[in-house]
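These values consider heavy atoms only, across backbone and side chains, with no hydrogens, waters or symmetry-generated copies.
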Amino acid sequence: MSPTLVLSLVAGYFAVLIIIAVLTSRGATSESFFVANRNAPWYMVAFAMIGTSLSGVTFISVPGNVYGKSWSYLAVALGFVAGYVVIGTVLMPLYYRLRLVSIYSYLDQRFGYWSYKTGALYFLISRSLGSALRLYLVAGVLQLAVFDAMGVPFAVTVVVSILFIYLYTFKGGLKTILWTDTFQTLAMLSCVALSIYFMADALNYSFAKLVQSVRESPMSQIYFDNVRDDKFFWKQFASGMFITIVMTGLDQDLMQKNLSCRSLGEAQKNLFWFTPVIVSVNVLFLTLGVLMYQYAAARGLHLTELPQLLNLKGTLDTDKVFPFLATTQFSLAAGIIFILGIIAVTYASADSALTSLTTSFCVDFLDIQKYPEAQQTRLRQLTHLGWSVVLIVIIMIFRALNEQSLIDAVYKAAGYTYGPLLGLFAFGIFTRRQLRDRLVLPTCTAAVLLTLLIVTHSVEWLGGYKFGFEILLLNGALVYLGLLLISRPAAVNPHPQTAV
């Protein structure tokens, strides 16, 4: 694929997004930007959430990861189901009852000012890191496919990529994103299905042969034997459940879409239709991964011997495999489909994240509702631009440091940064105790540092035990215990509607 062709595809794709943004942002207000006027159809929210939830990390890392971890990620995806049940039956009724714009204002009502700011702060850290990792991925693909050949530095690729997101989201916010993400989700799903079709066709697989080859492959193994293994099924399942609770139910990004529905009933309908679809899509990604390595083997490609696919340690960087095959080995049509798919899935996640970061900062730290609409617009747009710059800086730092699969990097980072949110919300919902509010931030920070210490030394301290995605569970539990130590009983619960 020539760089000119890929660049033309990217330009055409963003032209479509800009047109959608212009049409949907007319007459947009702060309420449009933050919650789409609370008037979004549930089925649109459900479909748009698919692209937001998956991101380019899933698109690239889940297929690539079957090389070393087989289908162990399936347990994580199945854990999502349990997590979405908790969100739909416990968290969403709470958010709708309180008519929240930022879900972290719940912590203000339940505990006080410092608990509220602590929750919002950890969300900003979590979402900015996660979004930067996702954008780093797509920028790397574009760099490989286009800009290296043109002599364009990676930093320029990153700046231009984020600038495009800013341009089509800065005015309409969530009102625009629901439409652009619907379009991008459709593009992403089409890409996955067509990529599987193109590779199966090249291998002369019928549908029955495709299913058989995937089922019989050692790369479709699921691990039930060794609980110390970070791939053990039930550890992964529990991790998937709690990852979903925190990265969807306690995350302003995904909840912002759900809060845009007309009622709690429609929001729950959206979530429960979305759940089986998201699991099925992850199964498609895992199938794609097995097929991808079979395709490479059939073409005589020794991936572990190709210098462009190795990381700094000289081992296979599985995040590079799918982009390499798509841009150098697939047919032109399949390569085009891949480029459009990776752009679609990454920007469906990134544009929503940028909007949620702006929303949280404006509502939780600037208290933007107290200003007139004209001043709200100026503050919102400046904040939107500021977070764009922050993402650029984080991406450049990550490029200099990263040596592991991005799916691992995202979830391990989430384990440390979302743990305080899990502990805070669990303590608020499942106890009636009050907190010594000023001690909340140092307590949460101490729990994060203690988690890091335990995970770093788990092999020597815990008989060879290796932490995987369940870092989140450890961190959340330590935060909960810390909050218990700084709590006091409440004779009368001042906020009875927020505790069960």
Side-chain angles (χ1 to χ4, degrees), residues 1 46-47 49-51 53-81 182-224 233 236 240 273-301 303 318-319 321-345 348 407:
M1 295 176 65
F47 195 70
M49 277 180 61
I50 296 171
S53 300
L54 293 175
S55 84
V57 173
T58 312
F59 193 88
I60 295 297
S61 280
V62 170
N65 246 9
V66 303
Y67 177 77
K69 297 192 174 181
S70 302
W71 271 38
S72 60
Y73 189 75
L74 179 63
V76 178
L78 293 174
F80 293 167
V81 177
T182 297
F183 166 72
Q184 295 187 113
T185 297
L186 180 61
M188 181 273 297
L189 292 176
S190 300
C191 172
V192 176
L194 287 170
S195 294
I196 291 174
Y197 169 78
F198 284 130
M199 283 190 286
D201 183 63
L203 293 168
N204 294 317
Y205 283 176
S206 63
F207 179 76
K209 176 64 174 175
L210 168 63
V211 173
Q212 180 184 2
S213 68
V214 171
R215 186 176 61 243
E216 294 177 353
S217 170
M219 290 188 179
S220 62
Q221 179 183 357
I222 301 173
Y223 298 85
F224 288 97
F233 180 89
Q236 297 281 73
W273 275 100
F274 163 78
T275 299
V277 174
I278 201 70
V279 174
S280 300
V281 171
N282 275 285
V283 170
L284 281 180
F285 279 117
L286 290 167
T287 300
L288 175 64
V290 174
L291 198 60
M292 184 171 73
Y293 288 104
Q294 291 179 345
Y295 176 87
R299 295 182 67 89
L301 295 172
L303 300 178
T318 57
D319 287 335
V321 174
F322 191 17
F324 168 77
L325 294 175
T327 56
T328 65
Q329 304 296 315
F330 287 3
S331 66
L332 179 61
I336 289 172
I337 291 293
F338 168 80
I339 292 295
L340 292 178
I342 186 64
I343 294 170
V345 71
I407 195 72

What's the shortest heavy-atom distance between Pro218 and Ser70, and which atoms?
O-OG, 3.3 Å
Between Gln236 and Ser72 the two heavy atoms that sit nearest each other are NE2-O, 3.7 Å
If every non-hydrogen atom of Leu325 is compared with every non-hydrogen atom of Ala296, which pair is closest and at what distance?
CD2-CB, 4.3 Å
Exercise: identify the closest heavy-atom pair between Ala200 and Leu291:
N-CD2, 3.9 Å
Heavy-atom closest contact (Leu284 atom, Ile196 atom, distance):
O-CD1, 3.7 Å
So CE of Met219 and CE of Met292: to nearest 0.5 Å the spacing works out to 8.5 Å
Side chain to side chain contact (heavy atoms under 4.5 Å, CB included) involving Leu286 - partner list, sequence neighbours excluded
Val62, Val66, Trp71, Tyr73, Leu74
When rounded to the nearest 0.5 angstrom, what is the spacing between CZ in Phe322 and OG in Ser195?
4.0 Å
Would you say the side chain of Val192 lies within less than 4.5 Å of the side chain of Phe285, judging by non-hydrogen atoms?
yes
Taking every non-hydrogen atom, the tightest pair across Tyr205 and Ser213:
CE1-OG, 3.4 Å
For Val81, is there any backbone N or O sitting under 3.5 Å from a side-chain donor or acceptor partner on Thr275?
no
Using side-chain heavy atoms (C-beta onward) and a distance below 4.5 Å, is Tyr293 in contact with Thr318?
yes
Exactly one candidate in Phe198, Phe324, Tyr295 meets ring pair (Phe, Tyr, Trp, His ring centres under 6.0 Å) with Phe330; the answer is Tyr295
Hey, could you give me the CG/CD distance between Leu203 and Gln294, rounded to the nearest 0.5 Å?
7.0 Å
Please evaluate residues Asn282 and Phe80 with respect to the criterion side chain to side chain contact (heavy atoms under 4.5 Å, CB included), reporting the C-alpha separation (whole Å), side-chain torsions for both, the decisive distance (0.1 Å), and the verdict.
CA-CA 11 Å; Asn282 275 285; Phe80 293 167; 3.8 Å; yes
If you measure from OG1 on Thr287 to CG on Leu210, what distance do you get to the nearest 0.5 Å?
7.0 Å
